[in-house]
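Structure record follows, encoded as structure tokens.
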Amino acid sequence: MSRVFSGIQPSGELHIGNYLGAVKNWVELQDSHECFICIVDYHAITQAYEVGTLQRRTLEMAMGLLAAGIDPGKCVLFVQSHVVEHTELAWVFTTVTPIGELERMTQFKDKSRRQESVLAGLLNYPVLQAADVLLYKADLVPVGEDQVQHVELMREVARKWNAKYHAGYFPEPQADIGKAKRIQGLDGRGKMSKSLGNTIGILDEPDQIWERIRPAKTDPARVRRTDPGTPEICNMYALHQHFSSPPVVQEVAEKCRTAGWGCIECKRVLADNIAEAFAPMRQRAKELAEAPERVGQILAEGAEKARVVARETMAGVRAHMGLLPVALREPAER
Ligand code: SF4
């Protein structure tokens, strides 16, 4: 069975962009693959964040993932900082990764423009990602297209370490972008993202979903109700394709092109269908909220399982790199 590693930042709210772009695929993969699903809190601290809310956001993300169908009986769900080997291997990998490779990462270039003084953590973000995946010797990394460059870097890091210390120790993971879907934000300005405030949470109540969808951007040509529109350029139509039945999608397209209905009516149908699709997840989340200690316990058990693999990988790394094992040091210390 091939092994999958995937990470998600502890943004608190799991939104439909995360769900359709990643989590739905993970839920399917856990039936056929050995999956490690990690809430990557050490990645989250590479940018400005609220210290006082990080714990809550981490737990809420775990709760969202469990509600969405991540099953700790089928996969390993854990928090990155609970398994110290992630940062240990990241340090090792910094010794085989050329700075030039990190500086040319598109995401680094974008994010570093937004930091007043560029921090080493941001530059080394893809090195930590390489450690995340290679610590478990994962073969497959489900990612969006914006992360493909980072998977290429992981492969290069694996090649460089293997060439220097032990041929074939780390596999070269493959990016799996087949099912990853890029979901546009409700403001139509780019990717759906919590930081941009353009999301719909999968655990939002029906009235919250409606409140978020009602002002969402549509085809600007539809100024008056009688103006025909082009559904293909409207994000509401794209969302209908995920949440409405094929006959409804067809109806949306026809009524949009012929001005057979207004955008508000179109959005109302969409909001109702999204609310219905996530009803079972809202129910699961309510059950989890009643037993929050259960979520902490699941994460602790996940970290324990992850550590077993991580420790074995690091033992091999240290041995192949010629680092002194603890057991050999003890007699000299007595
Ligand atoms: S009718 Fe629907 S698909 Fe057409 S522009 Fe309005 S919201 Fe978008």
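As the structure lists them, so they are numbered: ligands from 1, and atoms in each ligand from 1.
- The shortest side-chain heavy-atom distance between Arg268 and Arg214 does not fall under the 4.5 Å cut-off.
- Through direct or relayed side-chain contacts under 4.5 Å between Ile, Leu, Val, Met, Phe, Trp and Tyr, Leu128 connects to Tyr42, Ile45, Tyr49, Val51, Leu54.
- Counting heavy atoms from C-beta outward, Glu50 and Arg56 have side chains that stay 4.5 Å or more apart.
- Trp161 and His320 have perpendicular rings, their planes meeting at more than 60° on a 0 to 90° scale where under 30° would count as parallel.
- Under a 4.0 Å criterion applied to the non-hydrogen atoms of Trp261, ligand 1 contributes the atoms 1 (S).
- Ring pair Tyr136/Phe5 is parallel by interplanar angle, where below 30° counts as parallel and above 60° as perpendicular.
- Remark: aromatic rings of Phe78 and His86 are close, center separation under 6.0 Å.
- For atom 4 (Fe) of ligand 1, the count of nearby protein N/O/S atoms, taking only those under 2.8 Å, is 1.
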